[in-house]
**Student:** 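Below are the structure tokens for one structure; questions will follow.
The structure displayed is predicted, hence computed values, not measured ones.
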Amino acid sequence: MKKVNPLQLLNEEMESEQEVVRVNAIRRLPIIASVMGESNQAKSQILEYVDNIIAKEDNDEVLYGIAEALSNLAVYFKIKMIYLLEKLVAIEESVVRQKAVLGYVALAKTVNKKELREVLIPNVKKLSESSSLTTKISAIDVMTEMYPLCADEEKKVIRSRFNVLFGEDSLMVRRVLASKLGTLCGFMGRPLVVTELIKSFKLLSNDDSAKVRIITIDSLVKLAECLSEEENKNHMIPIIIKLTSDKSWRVRVHLASKFSDISKAVGPDVSDSLVSVFASLLRDNESLVRLDAVRALSKFVFILKPEKLSSLMSSLQLLGNDPVALVRAGVGELFQGMLSNSNLKNTLNKKTTLNKQIQIILKKLSKDEDLEVRMESFDVIKLCGSFLNPDEIDELIQSIYKSMDEASNWRLRLAGIDTLMTLAVGYANQSLFDQKFKRAFLMGIKDQAEQVRSLVINYVPQLASFLKDNYLLTYLTVEMLTIINEEETHSYQKRISAIYGVKELYMSVRKTDSMDQILKNQIVPLTEDGVRNIRMVTVKVLKEIYGYSKSKDLKESIKKSVLKMDKVETDSETSSLISKFF
């Protein structure tokens with residue numbers, strides 16, 4: 001039988017009009033190479049065939065497949081395939097070029113030192129001198145990735161080419177160079193960064209194009225990480241200061257978003273000196289800059305020494321009056337992050353100036369005209385109980401009550417009551433609860449929104465941990481029973497919430513004796529209520545109480561009422577609950 005040449009089989013598939021057939025075929029090139037063997041003739045045949053495909057193929061998927069296959073065959077072809085890679089890095093489609101760049105890297109790992117020095121480096125140098133922008137950009141990618149694989153002499157050649165390219169007129173080339181600065185500084189090491197790369201970085205950070213200046217900000221972080229604190233102070237800080245007043249607001253926005261990363265990179269002592277620089281971003285004329293600056297500040301504050309924070313508060317006070325609601329809400333988010341940090345909490349516990357400054361700003365935010373800003377401030381006030389005493393926080397509490405009194409939005413009432421209940425539980429003082437927080441509980445249990453009523457009921461076990469039984473019965477239980485019994489005044493939904501509330505109170509009191517009688521006289525009779533939903537909820541609640549209670553008298557009363565109900569109940573869903581009661 002005549003032996004079939006694998007390339008002939010490949011060629012049949014490559015002549016197909018269907019893209020997917022050609023793509024799958026070219027991906028099998030490593031298998032074909034394996035079958036054809038290691039002879040120079042076989043390699044030459046494959047390379048010549050692939051060269052012909054590249055010349056006539058205009059489908060990017062197929063070209064990508066070729067680049068991928070060659071990357072995987074670097075060990076097989078070695079330096080012989082370099083002319084194919086050279087053609088692929090000139091393709092317009094970026095994904096093809098990027099895959100071809102990986103082929104160059106794979107080749108650099110495979111060839112010997114002589115081939116690297118005499119063939120590969122001159123080839124890459126030629127690419128960087130090309131009149132084609134796409135080829136030149138590919139050369140930058142190749143040189144960046146190959147740099148750590150080269151010996152000192154070849155590295156010197158690559159650096160000299162970079163120095164030439166940094167003076168390019170092409171915007172595309174300068175953008176790519178700016179994006180590679182951070183990677184290069186990691187490869188070069190600190191001495192070369194200081195003597196060679198910083199000069200190029202300064203050049204690009206002053207570029208006429210805002211897009212180039214934006215990209216250099218990303219590289220600035222990696223560059224600062226390579227330098228000592230003294231070097232950052234001498235080289236990086238002046239650049240950062242200049243960028244904060246950049247004529248393009250987009251540059252300033254990007255700087256603001258990266259400011260915490262930059263501060264961390266330059267070192268703690270240097271970052272403290274950036275406080276005044278950062279304050280200028282907080283006061284920027286462009287709202288998007290201020291917004292990103294506030295967001296970045298939530299990380300920046302953890303890098304700074306706590307005593308440095310007070311100097312930023314004047315800027316935050318201005319932002320509390322910012323015309324853009326998102327910026328004002330951002331101040332609230334910032335305080336949440338600060339108050340959640342244990343180190344900053346310790347600082348605030350010392351009753352510092354910072355403590356008072358935060359209170360002033362919060363008072364303003366809690367009265368804000370924007371709903372989201374007020375809700376954000378409520379979340380911050382929740383955390384204030386850990387470092388403010390009740391008298392200090394009283395004005396903030398009154399602001400919340402005022403907001404809820406005027407609010408038609410249930411989400412605001414939910415946030416306000418949640419904050420007040422959290423504070424009440426945190427202070428855990430019955431007298432204080434009666435003075436400042438009982439009103440919130442009663443507002444919540446009568447609220448029109450079911451979510452608000454449920455929230456208050458869920459707080460009952462926590463409130464019962466510090467409220468005496470007699471107080472729970474006298475004030476909270478009586479209020480709920482009033483709601484249950486006033487059918488004409490309150491909707492059945494409110495009555496249902498109150499029923500659940502009584503159940504939570506019963507299970508939370510330390511001694512149930514006094515509650516047993518209330519349940520027997522007030523809750524058990526609801527099995528005969530005229531509202532179907534009330535009867536159904538009552539059955540659910542009584543079932544829980546029946547399993548929990550130790551009172552034989554109460555349990556007997558429940559059993560008697562449920563059995564009586566079973567005989568007369570007309571609602572099928574309620575009857576189903578009764579059938580599963582015992």
**Student:** Nearest 0.5 angstrom please: L227 CG to N232 CG, how far?
**Tutor:**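 Taking CG in L227 and CG in N232, the distance rounds to 5.0 Å.
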
**Student:** Hey, are E395 and S399 close enough side-chain-wise for a donor-acceptor pair under 3.5 Å?
**Tutor:**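 Absent: no donor and acceptor within the cut-off.
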
**Student:** Just how far is it from atom CE of M421 to atom CZ of F433, taken to the nearest 0.5 Å?
**Tutor:**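 With rounding to 0.5 Å, CE (M421) is 5.0 Å from CZ (F433).
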
**Student:** Under 3.5 Å, is there a donor-acceptor pair linking the side chains of S454 and Y500?
**Tutor:**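 S454 vs Y500: no donor-acceptor pair found between side chains.
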
**Student:** Do M515 and D469 touch side chain to side chain, with heavy atoms closer than 4.5 Å?
**Tutor:**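 No. Closest side-chain heavy atoms not under 4.5 Å.
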
**Student:** Return the OG to CG distance between S245 and L281, rounded to the nearest 0.5 Å.
**Tutor:**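 One gets 9.5 Å once the value is rounded to the nearest 0.5 Å.
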
**Student:** Under the 6.0 Å and 45° cation-pi test, does K559 pair with Y546?
**Tutor:**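 Because its charged atom misses either the 6.0 Å distance or the 45° angle limit, K559 does not stack over Y546.
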
**Student:** Considering all heavy atoms of both residues, which atom of S219 and which atom of A178 are nearest to each other, and what is their separation?
**Tutor:**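 Smallest heavy-atom distance, with atoms named: OG-O, 2.6 Å.
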
**Student:** With salt bridge (Lys or Arg N to Asp or Glu O under 4.0 Å) as the criterion, how do R190 and E225 come out once you've worked through the C-alpha distance, each side chain's angles and the decisive distance to 0.1 Å?
**Tutor:** CA-CA 9 Å; R190 191 167 64 84; E225 289 173 344; over 6 Å; no

**Student:** Let me confirm one number: the CG-CG distance from L282 to L291, rounded to the nearest 0.5 Å.
**Tutor:**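 CG of L291 is found 11.0 Å from CG of L282.
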
**Student:** Give me the one residue out of L455, D447, D405, D418 that meets side chain to side chain contact (heavy atoms under 4.5 Å, CB included) with R413.
**Tutor:**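 Between R413 and the candidates, side chain to side chain contact (heavy atoms under 4.5 Å, CB included) is satisfied uniquely by D447.
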
**Student:** Is the backbone N or O of I400 less than 3.5 Å from a side-chain atom of S366, with the two atoms forming a donor-acceptor pair by type?
**Tutor:**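 No; judged by distance alone, with no hydrogens or angles, the pair does not exist.
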
**Student:** Between T477 and Y506, do the side chains contain an N or O donor and an N or O acceptor separated by less than 3.5 Å?
**Tutor:**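 No, no side-chain donor-acceptor contact under 3.5 Å.
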
**Student:** Check D246, D284, T244 against R252 for a side-chain hydrogen bond (donor to acceptor under 3.5 Å, both in side chains) and give me the one that passes.
**Tutor:**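 Per the side-chain hydrogen bond (donor to acceptor under 3.5 Å, both in side chains) rule, the option paired with R252 is D284, out of D246, D284, T244.
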
**Student:** Using modelled atom types only, decide if a donor and an acceptor are shared between the side chain of R213 and the backbone of V251 within a distance under 3.5 Å.
**Tutor:**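 Pair absent, no side-chain N/O of R213 close to backbone of V251.
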
**Student:** Looking at N206 and K242, what are the two nearest heavy atoms and their distance?
**Tutor:**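 Distance-wise, the nearest heavy atoms are OD1-NZ, 2.7 Å.
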
**Student:** Distance alone, cut at 3.5 Å: any donor-acceptor contact between the side chains of Y475 and D434?
**Tutor:**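 No.
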
**Student:** Side chains of V193 and L184: does their closest heavy-atom pair fall under 4.5 Å?
**Tutor:**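 No, side chains not in contact.
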
**Student:** Can you confirm whether the side chains of D292 and H254 place a donor and an acceptor under 3.5 Å from each other?
**Tutor:**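 The criterion, which ignores hydrogens and geometry beyond distance, is not satisfied for H254 and D292.
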
**Student:** Are side-chain N/O atoms of S228 and E231 paired as donor and acceptor at under 3.5 Å?
**Tutor:**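 E231 and S228 do have a side-chain donor-acceptor pair below 3.5 Å.
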
**Student:** Between Y427 and N389, is there a side-chain donor-acceptor contact under 3.5 Å, judged purely by atom types and distance?
**Tutor:**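 Judged by distance alone, the side chains do not pair up.
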
**Student:** Does NZ belonging to K233 count more than 12 external heavy atoms closer than 6.0 Å?
**Tutor:**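 No, NZ of K233 has 12 or fewer neighbouring heavy atoms, counting only those of other groups under 6.0 Å.
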
**Student:** Just so I know, are the side chains of T216 and L220 near enough to count as touching, which here means a heavy-atom distance under 4.5 Å?
**Tutor:**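 No. Closest side-chain heavy atoms not under 4.5 Å.
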
**Student:** Do we see a donor-acceptor contact under 3.5 Å between the side chains of R535 and T574?
**Tutor:**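 No.
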
**Student:** More than 12 heavy atoms of other residues, nucleotides or ligands under 6.0 Å from NZ of K202: is that the case?
**Tutor:**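 Count over threshold, so yes.
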
**Student:** How far does NZ of K367 sit from OG of S403, to the nearest 0.5 angstrom?
**Tutor:**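 Spacing of NZ (K367) from OG (S403) equals 9.5 Å.
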
**Student:** Would you say S248's side chain and A210's backbone share a donor-acceptor pair under 3.5 angstrom?
**Tutor:**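 Absent.
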
**Student:** Ignoring hydrogens and geometry, is there a side-chain-to-backbone donor-acceptor pair from S549 to I545 under 3.5 Å?
**Tutor:**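 It does not hold such a pair.
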
**Student:** Are V212 and L171 close enough that some pair of their side-chain heavy atoms sits under 4.5 Å apart?
**Tutor:**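 Yes - at least one pair of side-chain heavy atoms lies under 4.5 Å apart.
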
**Student:** Is a side-chain N or O of S561 found less than 3.5 angstrom from the main chain of I558, in a donor-acceptor match?
**Tutor:**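 No, because the side chain of S561 does not come within donor-acceptor range (under 3.5 Å) of the backbone of I558.
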
**Student:** Roughly how far, to the nearest 0.5 Å, is the CG atom of L414 from the CE atom of M375?
**Tutor:**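 Reported to 0.5 Å precision, the distance equals 7.5 Å.
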
**Student:** Apply side-chain hydrogen bond (donor to acceptor under 3.5 Å, both in side chains) to the pair S431 and Q435, showing each step before the final yes or no.
**Tutor:** CA-CA 6 Å; S431 175; Q435 294 172 33; 3.1 Å; yes

**Student:** Less than 3.5 Å apart, any donor N or O on the side chain of D529 or Y492 sitting next to an acceptor on the other?
**Tutor:**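 Result is no, nothing qualifies.
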
**Student:** For atom NZ of K222, is the number of surrounding heavy atoms from other residues, nucleotides or ligands below 6.0 Å larger than 12?
**Tutor:**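 No, the 6.0 Å shell around NZ holds no more than 12 heavy atoms from other groups.
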
**Student:** Looking at F441, is its backbone amide N or carbonyl O close enough to the side chain of Y459 to form a donor-acceptor pair, meaning the two atoms are under 3.5 Å apart?
**Tutor:**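 Here the side-chain-to-backbone pair does not exist.
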
**Student:** Please determine if E479 and K446 form a salt bridge, counting it only when a charged side-chain N lies under 4.0 Å from a carboxylate O.
**Tutor:**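 Salt bridge flag = yes for K446 with E479.
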
**Student:** How about CD on Q398, more than 12 heavy atoms from neighbouring residues, nucleotides or ligands closer than 6.0 Å, or not?
**Tutor:**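 More than 12 within 6.0 Å, yes.
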
**Student:** On a heavy-atom basis, which atom in F300 and which in S263 lie closest, and how many Å separate them?
**Tutor:**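 Heavy atoms only, the tightest pair is CE1-OG, 3.0 Å.
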
**Student:** Can a side-chain donor-acceptor contact be found between S497 and Q493 if the only test is distance below 3.5 angstrom?
**Tutor:**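 S497 and Q493 do not have a side-chain donor-acceptor pair below 3.5 Å.
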
**Student:** Considering all heavy atoms of both residues, which atom of D516 and which atom of S551 are nearest to each other, and what is their separation?
**Tutor:**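 The answer is OD2-CB, 3.3 Å.
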
**Student:** Do E376 and Q336 meet the criterion of a side-chain donor-acceptor pair at a distance under 3.5 Å?
**Tutor:**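 Distance-only check passes for E376 and Q336.
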
**Student:** Would a 4.5 Å heavy-atom cut-off, applied to side chains only, mark V331 and R328 as touching?
**Tutor:**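 Answer no - side chains too far apart.
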
**Student:** Please report the closest heavy-atom contact between L288 and W249, naming both atoms and the distance.
**Tutor:**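 The pair with the smallest heavy-atom distance is CD1-CZ3, 3.5 Å.
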
**Student:** List the steps, then state whether salt bridge (Lys or Arg N to Asp or Glu O under 4.0 Å) holds for R374 with E369.
**Tutor:** CA-CA 8 Å; R374 272 184 286 169; E369 61 184 20; over 6 Å; no

**Student:** For A464 versus S508, what's the shortest heavy-atom pair and its separation?
**Tutor:**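 A464 and S508 have their closest heavy atoms at CB-CB, 3.4 Å.
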
